[in-house]
Amino acid sequence: MRRSSTLLLSLAVVGGLTGALPATASAQGRQDIPQSHPLWANAQAKVADTAPAAKLSFRVYLNQRDNAGAEALAQAVSDPDSKTYRQYLSPDQVRDRFAASDATVDAVKSWLTGNGFSIGEVPSNRAYVEATGTAGQTQQAFDVKLSKYKVKGQTLRAADKNLSVPANLANDVLGVVGVDQATNLFKPDHATGSGTPSDVAPGPGFRNARPCSAYYGEKIDTTDPAYNGKNLPYAPCGYTPAQLRSAYGVDKVGADGKGTTIAIVDAFASPTIYADASTYAKKNDPQHPLKQSQFKQHVFPANPVLEPPDQCDAAGWYGEETLDVEAAHGLAPGADILYVGGESCEDNALDVALNYVIAGHKADIVSNSYGDTGEDIPADEVKVFNQISLQAVLEGIGVYFSSGDNGDEVARLGTPSPDFSASAPWITAVGGTSIAIGKDGKRIFETGWETSKSSLTNGVYGPAAYTSGSGGGTSRLFAQPFYQKGVVPDALAKKNQTGNNKGRVVPDISAIGDPNTGFLVGQTQTFPDGAYYDQYRIGGTSLASPVFAGIMAVADSFDHFHHGFINPVIYKLTSRTPAISDVKHVDAAVERVDYANSTDASGGLLTSVRTLDYQGLTIHTTPGYDDVTGLGTPNGLLFLLLV
């Protein structure tokens with residue numbers, strides 16, 4: 001179970017939406033950086049001192065000027081009832097008006113070089129100053145002692161108290177990321193296992209067993225026992241891009257995303273990504289090839305100073321990148337795609353990748369298919385992420401995050417929680433649905449994605465057990481944002497709160513997510529007979545996010561403008577028009593057959609029933625806004641016309 005004390009500290013730091021606490025006095029002429037000392041770094045957990053000669057890199061993030069003014073302007077440019085709606089700023093205008101000044105950057109650099117550090121990148125938006133040095137230099141510069149601590153099965157570096165900086169710099173420092181290794185505790189949702197960021201073979205092969213259906217209901221299981229008195233349809237083999245474009249009504253609108261760039265942020269980079277994605281399009285969507293001119297990649301090289309985190313599975317991230325690229329191109333085949341790969345799967349590395357896109361306005365839409373388990377997040381990380389996402393709103397860049405694949409996280413945390421970064425206020429959280437697409441390409445039904453599994457053993461179905469589902473719930477970290485007021489029911493907004501307080505509720509909107517009604521992808525994988533391209537069905541909100549990003553790219557080209565941060569618009573739409581389809585609970589299930597060894601029938605077959613909207617959680621699909629699917633799903637041409 002997560003420590004509630006850490007969570008409460010984060011609440012204090014965020015103070016509703018964003019904002020830093022004032023620094024407190026430390027040694028003479030110095031001031032503390034609040035909550036920069038992890039609670040787990042205590043005497044009982046200490047196992048060793050950090051060697052003074054050990055190398056490390058960190059980033060000193062800088063406060064922007066006039067944070068309140070930046071938030072007010074972000075609301076104004078994204079609210080359709082504002083006089084300055086869609087009057088976005090350029091990156092230069094954001095920098096000149098809100099970023100740390102050159103004098104502040106120079107002062108921080110001077111202090112760091114005076115302590116012996118070498119200075120690395122300072123991005124164009126002056127978000128941070130990167131520095132590299134030794135543990136001994138770091139201890140002196142921040143007036144701390146660095147040690148190794150045992151925490152949750154890992155041995156991590158941290159300081160023995162809050163970091164402090166010279167008093168003349170205290171108001172300029174937003175936070176310091178990298179001195180401790182706190183973010184090693186926070187796994188992105190879609191990467192597990194172990195691995196290294198270079199020289200990694202493609203991941204182990206996976207194929208879907210037969211029988212499966214080309215469309216929902218094509219094949220009915222009449223050989224296995226009926227489930228609750230019903231013969232069930234076999235799960236689809238994996239929907240194609242054309243089926244999804246048809247189901248979401250973006251196939252015959254005369255727009256395909258041309259003129260819009262979708263950025264995809266993940267960790268590392270698949271060495272076969274363009275070959276796989278272009279092969280996939282040729283096989284499954286031949287009228288819409290992925291041209292070389294449409295695809296670009298920017299990858300941050302691995303930093304040799306950084307200690308590789310245990311949980312980074314580079315090969316697993318190859319699959320994530322492949323899904324994101326093929327889904328985004330599948331829904332918006334005319335859009336350009338920019339893939340940006342972080343140097344690791346840690347939050348601070350992914351923040352740098354996201355900041356690269358935002359600082360240079362490299363894209364109009366950003367899809368992010370990762371997130372942490374719950375919201376027990378270091379205070380510095382929360383503040384840093386909010387400042388980056390706020391700049392995206394000011395520039396008119398739409399940032400989309402998958403809401404998570406584990407429902408309300410009760411199974412993993414013991415208490416209900418949405419996932420960060422999806423719970424942050426200046427991004428759009430995309431939940432997942434289960435979708436039935438018929439022979440004609442139209443939606444038969446769409447319901448919330450919360451799956452249970454009942455295995456068939458010796459002719460008897462076992463008890464249903466939850467497996468995965470759309471992430472959602474009420475934030476303890478962020479107050480209710482302006483756009484959710486009057487739309488999200490108080491019964492949801494007040495969950496996890498005290499008194500009359502209301503929190504941010506996740507998700508905002510949804511798209512296909514259930515892997516049992518999932519998307520067909522193609523990827524180079526490692527099979528027993530070698531590594532080569534093959535195809536399989538996949539899902540998750542890591543599918544929902546790029547699918548919705550693709551729909552928004554089509555909306556950009558259809559409406560001839562870039563929509564930016566869409567939350568204020570879609571929350572108003574839901575009460576005024578049918579542009580968003582309300583997603584309701586549907587009692588439905590599919591029969592699924594899997595290879596026991598994941599690749600062929602030689603190891604036998606496993607048969608199970610997968611329900612599509614399991615009701616055994618604390619979040620539920622209901623009429624109106626709900627914490628599984630948010631406002632609902634885009635309703636084709638009406639959505640494109642009115643968004």
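In what follows, every heavy atom counts, from backbone to side chain, and hydrogens, waters and symmetry copies are set aside. If you read the sequence from its start, that first residue is 1, and numbering goes on from there.
Rounded to the nearest 0.5 angstrom, L338 CG and K362 NZ are separated by 8.5 Å. Within the model, atoms CG of L573 and CG of L642 stand 6.0 Å from one another, a figure rounded to the nearest 0.5 Å. Taking CZ of F639 as the start and CD1 of I551 as the end, the distance is 7.0 Å to the nearest 0.5 Å. Taking OG1 from T629 and CD from E450, the interatomic distance works out to 10.0 Å, rounded to the nearest 0.5 Å. Going from atom OG of S124 over to atom CG of D92 covers 8.0 Å, rounded to the nearest 0.5 Å. Considering NZ of K258 and OG1 of T260, their distance stands at 11.5 Å, rounded to 0.5 Å.
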_As a quick check of understanding, evaluate ring-ring contact (aromatic ring centres under 6.0 Å, His included) for F268 and Y318, giving each step before the final call._
CA-CA 8 Å; F268 313 124; Y318 295 172; 7.5 Å; no

*For the pair S402 and V430, evaluate side chain to side chain contact (heavy atoms under 4.5 Å, CB included) and give the outcome as yes or no after the intermediate values.*
CA-CA 5 Å; S402 57; V430 186; 5.9 Å; no

*Please report the C-alpha distance between N67 and Q64 in whole Å, then the side-chain angles of each, then the deciding distance to 0.1 Å, and finally whether the side-chain hydrogen bond (donor to acceptor under 3.5 Å, both in side chains) criterion is met.*
CA-CA 6 Å; N67 186 74; Q64 62 184 6; 2.8 Å; yes

*asked:* For a salt bridge (Lys or Arg N to Asp or Glu O under 4.0 Å) check, start with the C-alpha distance between R245 and D285, then their side-chain angles and the critical distance, and finish with the verdict.
replied: CA-CA 11 Å; R245 289 196 301 268; D285 204 15; 2.8 Å; yes

_Is there a ring-ring contact (aromatic ring centres under 6.0 Å, His included) between F519 and Y239? Walk through the geometry before answering._
CA-CA 5 Å; F519 181 61; Y239 294 129; 9.1 Å; no

*L73 and R97: side chain to side chain contact (heavy atoms under 4.5 Å, CB included), yes or no, with the steps?*
CA-CA 11 Å; L73 183 57; R97 186 166 173 179; 3.7 Å; yes

*Give the intermediate values and the outcome of side-chain hydrogen bond (donor to acceptor under 3.5 Å, both in side chains) for residues D626 and T621.*
CA-CA 6 Å; D626 61 63; T621 308; 4.8 Å; no

*Start with the C-alpha gap between I365 and D556, add the side-chain angles, then the distance that decides, and say whether side chain to side chain contact (heavy atoms under 4.5 Å, CB included) holds.*
CA-CA 10 Å; I365 291 169; D556 277 8; 3.9 Å; yes

*Where do Q523 and Y536 land on the side-chain hydrogen bond (donor to acceptor under 3.5 Å, both in side chains) test, with the steps shown first?*
CA-CA 8 Å; Q523 178 190 358; Y536 60 97; 2.7 Å; yes

*Run the numbers on Y274 and L290 for side chain to side chain contact (heavy atoms under 4.5 Å, CB included), then give the verdict.*
CA-CA 8 Å; Y274 180 71; L290 177 62; 4.0 Å; yes

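Within the structure, salt bridge (charged side-chain N to carboxylate O under 4.0 Å, His left out) pairs that include any residue of residues 433-444 comprise R443-E446 (at least two apart or interchain).
Between L641 and F558 the shortest side-chain heavy-atom distance falls below 4.5 Å. Contact of the L350 side chain with the Y370 side chain is registered, since non-hydrogen atoms from C-beta on lie closer than 4.5 Å. Side-chain contact between F300 and S344 is absent, with no heavy atoms from C-beta onward closer than 4.5 Å. V253 has its side chain within reach of V554: a pair of non-hydrogen atoms, C-beta onward, lies under 4.5 Å apart. Residues T428 and I509 form a side-chain contact, since some pair of their non-hydrogen atoms from C-beta on lies under 4.5 Å apart. Within the 4.5 Å cutoff, the side chain of I264 has no heavy atoms near those of the E321 side chain. Y216 is listed as a side-chain neighbour of V590, based on a closest heavy-atom distance under 4.5 Å. A 4.5 Å side-chain heavy-atom check between Q391 and N125 finds at least one atom pair inside the cut-off.
Looking at D405, its side chain does come within 3.5 Å of a backbone N or O of T541 through a donor-acceptor pair. The main-chain N or O of A275 is never found under 3.5 Å from a side-chain atom of T272 such that the two would form a donor-acceptor pair. Using modelled atom types, one side-chain atom of T447 and one backbone atom of V586 make a donor-acceptor pair closer than 3.5 Å. Proximity of a side-chain donor or acceptor of H329 to a complementary backbone N or O of G550 within less than 3.5 Å is not detected. Between the side chain of D582 and the main chain of G624, a donor-acceptor pair closer than 3.5 Å is present. Looking at Q484, its side chain does come within 3.5 Å of a backbone N or O of V505 through a donor-acceptor pair. The backbone N or O of V177 sits nowhere less than 3.5 Å from a side-chain atom of N348 that would complete a donor-acceptor pair. Within the 3.5 Å criterion, the main-chain N or O of W317 finds no donor-acceptor partner in the side chain of E320. Side chain of T261 to backbone of A363: no donor-acceptor contact under 3.5 angstrom is found. The backbone N or O of I435 lies less than 3.5 Å from no partner atom in the side chain of D514, so there is not a single donor-acceptor pair.
A salt bridge is defined here as a Lys NZ or Arg NE, NH1 or NH2 lying under 4.0 Å from an Asp or Glu carboxylate O, and D508 with R504 meets this definition. At a threshold of 4.0 Å, the pair D336-K296 does not count as salt-bridged, since none of the basic side-chain nitrogens sits closer than that to a carboxylate oxygen. Ion pairing between a basic and an acidic side chain is recognised when a charged N comes within 4.0 Å of a carboxylate O; D81 and K572 show such pairing.
The two residues S557 and G257 make their nearest non-hydrogen contact at OG-N, 2.9 Å. Minimum heavy-atom separation, A235 to R537: CB-NH1, 4.1 Å. Among all heavy-atom pairs drawn from F401 and S421, the shortest one is CE2-CB, 3.8 Å. Considering every non-hydrogen atom in both D419 and G374, the closest pair reads OD1-N, 2.9 Å. Residues G432 and S510 approach most closely at N-OG, 3.9 Å, considering heavy atoms. Pairing each heavy atom of P418 with each of T474, the nearest pair is CD-O, 3.4 Å.
A side chain to side chain contact (heavy atoms under 4.5 Å, CB included) with L89 is found for exactly one of V77, V94, V393, namely V94. Considering W426, F478, F420 in turn, F420 is the only one that fulfils the ring-ring contact (aromatic ring centres under 6.0 Å, His included) rule with F385.
Counted by atom type alone, T524 and D276 present one or more donor-acceptor pairs between their side chains at under 3.5 Å. When only modelled atom types and interatomic distance are considered, Q535 and N284 share a side-chain donor-acceptor pair under 3.5 Å.
You'll find the ring centres of Y339 and F295 outside the 6.0 Å limit. Y533 and Y280 have their aromatic ring centers separated by at least 6.0 angstrom. Remark: aromatic rings of Y571 and Y483 are close, center separation under 6.0 Å.
H361 is linked by a ring pair (Phe, Tyr, Trp, His ring centres under 6.0 Å) to nothing, counting only residues two or more places apart in sequence or in another chain.
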